[in-house]
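Structure, as structure tokens:
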Amino acid sequence: MLKGRVAVVTGGGSGIGRGMALGLADQGVRVAVCGRRAELLEQTVARIREQGGTAMGVPADVTKRDEVERFVVSVVNEWGQVDILVNNAGVSGRTPIDDPDDTRWLNILDVNLTGSYLCSKVVLPHMKDPGRILNMSSVLGRFGVPGYAAYCTAKHGILGFTKALALEVAGRGITVNAICPTWVDTNMARQGIEETAAILDMPAEEFRTQAVAAVPIKRMAEVEEVVALAIFLCQADAASITGQVMNVCGGATAGSGG
């Protein structure tokens with residue numbers, strides 16, 4: 001049972017992050033969400049409260065330690081603890097190696113990888129047994145895709161971070177695991193499809209059809225499927241599962257050694 005526990009979900013204003021927040025709240029968890037867009041956080045909090053849950057939202061940029069600290073302190077001041085951390089905040093985009101501008105590369109690594117490090121670092125002093133950290137990676141943390149070196153690097157990095165941190169905090173009764181979804185029907189996925197389709201000079205819907213066809217189960221994953229795994233990993237029954245990387249990939253990694 002998770003009722004009464006406290007969860008922090010980064011990037012909780014939309015997509016998988018919002019799904020995580022709603023799913024945990026449905027289990028009786030008090031949920032705090034952060035992100036850079038206050039209006040999206042307010043929508044997530046409103047939906048949780050409408051369903052009878054308890055939630056708060058604090059605008060914060062996970063790449064800025066002072067903002068992360070302010071967010072976590074506000075959660076601890078309100079609820080006294082943090083039991084679950086979902087490092088979900090992320091950005092994607094093409095970063096071809098011949099791009100003369102390094103801005104997008106640096107931002108993708110900063111948000112996806114350094115953001116997870118900073119949030120974990122700030123939350124851990126407030127986390128006790130049984131604590132849970134879930135790091136959102138991707139199937140692009142399992143294999144490479146041309147033109148997406150920054151995103152692949154960041155998501156591969158999340159796996160190494162997960163395994164090392166799991167060993168570091170194992171003696172404290174805290175587990176750390178990573179989840180690697182395939183295409184999930186979210187705004188980020190739609191943006192990725194549109195961007196890649198434009199590069200390939202084809203309609204976005206045509207590229208979407210090709211992308212889905214490449215997934216063995218012939219469909220995108222649902223947000224709820226990712227959330228279901230996350231909720232299981234937060235349960236007492238998952239106390240011996242740590243330092244692991246779990247795919248919600250529809251078979252996409254089955255032939256890649258991942």
Side-chain angles (χ1 to χ4, degrees), residues 5-24 29 31-36 41 44 57-65 67-72 75-76 82-92 107-127 131-142 150-169 172 174-181 184 186 188 223 226-227 229-234 238 241-248:
R5 301 185 76 188
V6 174
V8 163
V9 180
T10 69
S14 61
I16 292 174
R18 177 175 287 179
M20 291 283 188
L22 292 169
L24 287 165
V29 176
V31 179
V33 292
C34 79
R36 288 183 286 192
L41 300 177
T44 299
V58 177
D61 183 339
V62 298
T63 69
K64 298 178 180 178
R65 181 165 177 168
E67 294 190 20
V68 173
E69 289 175 339
R70 176 174 53 81
F71 169 50
V72 173
V75 175
V76 174
V82 179
D83 305 296
I84 298 165
L85 169 62
V86 182
N87 282 315
N88 168 78
V91 294
S92 184
N107 184 56
I108 289 173
L109 265 65
D110 212 16
V111 175
N112 291 278
L113 189 52
T114 303
S116 296
Y117 159 77
L118 287 175
C119 291
S120 300
K121 189 180 186 76
V122 173
V123 163
L124 273 166
H126 305 283
M127 186 176 281
R132 299 288 186 267
I133 296 177
L134 302 177
N135 296 322
M136 293 307 302
S137 183
S138 163
V139 292
L140 271 68
R142 292 298 209 173
Y151 192 71
C152 291
T153 298
K155 292 307 187 181
H156 275 75
I158 285 291
L159 305 191
F161 175 64
T162 296
K163 294 173 183 180
L165 185 61
L167 297 175
E168 191 168 338
V169 301
R172 295 175 50 186
I174 297 169
T175 68
V176 187
N177 293 290
I179 299 175
C180 294
V184 180
T186 63
M188 181 183 288
V223 170
V226 181
V227 172
L229 175 56
I231 289 173
F232 168 70
L233 291 171
C234 291
I241 301 173
T242 194
Q244 301 305 303
V245 178
M246 300 189 179
N247 304 321
V248 183

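- Rounded to the nearest 0.5 angstrom, Ser137 OG and Ile179 CD1 are separated by 10.0 Å.
- In this structure, His126 and Val75 have side chains that are not in contact, with every pair of non-hydrogen atoms separated by 4.5 Å or more.
- Between Thr175 and Ala238, the closest heavy-atom pair is CG2-O, 4.4 Å.
- Contact annotation: the side chain of Glu69 never approaches that of Val72 to less than 4.5 Å [non-hydrogen atoms, C-beta and beyond].
- The line from CG of Asn107 to OG1 of Thr114 is 10.5 Å long, rounded to the nearest 0.5 Å.
- Atom OG1 of Thr153 and atom CG of Leu140 lie 10.0 Å apart (nearest 0.5 Å).
- In this structure, Thr10 and Val86 have side chains that are not in contact, with every pair of non-hydrogen atoms separated by 4.5 Å or more.
- Between Ile16 and Thr186 the shortest side-chain heavy-atom distance falls below 4.5 Å.
- Taking the side chain as every heavy atom from C-beta outward, Leu24 and Val9 approach each other to under 4.5 Å.
- Arg172 approaches Leu124 most closely through the heavy-atom pair NH2-O, 2.7 Å.
- Side-chain contact between Phe232 and Ile241: present, with at least one pair of heavy atoms (C-beta onward) separated by less than 4.5 Å.
- Interatomic distance, CG of Leu134 versus CG of Asn88, reported as 10.5 Å (0.5 Å rounding).
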Residue pair Arg142, Leu159: steps toward the side chain to side chain contact (heavy atoms under 4.5 Å, CB included) verdict: CA-CA 9 Å; Arg142 292 298 209 173; Leu159 305 191; 4.2 Å; yes
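- Contact of the Ile133 side chain with the Met127 side chain is registered, since non-hydrogen atoms from C-beta on lie closer than 4.5 Å.
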Test Val8 against Cys119 for side chain to side chain contact (heavy atoms under 4.5 Å, CB included), laying out the working first. CA-CA 9 Å; Val8 163; Cys119 291; over 6 Å; no
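- Closest heavy-atom contact between Ala21 and Thr44: CB-CG2, 3.9 Å.
- The closest side-chain heavy-atom distance from Val62 to Leu118 is not below 4.5 Å.
- Residues Ser116 and Ile158 come closest through the heavy atom pair OG-CD1, 3.5 Å.
- Arg70 contributes atom CZ, which lies 15.0 Å from atom CZ of Arg65 (distance to the nearest 0.5 angstrom).
- In this structure, CZ in Phe161 is found 6.5 Å from CG in Asn87, a value given to the nearest 0.5 Å.
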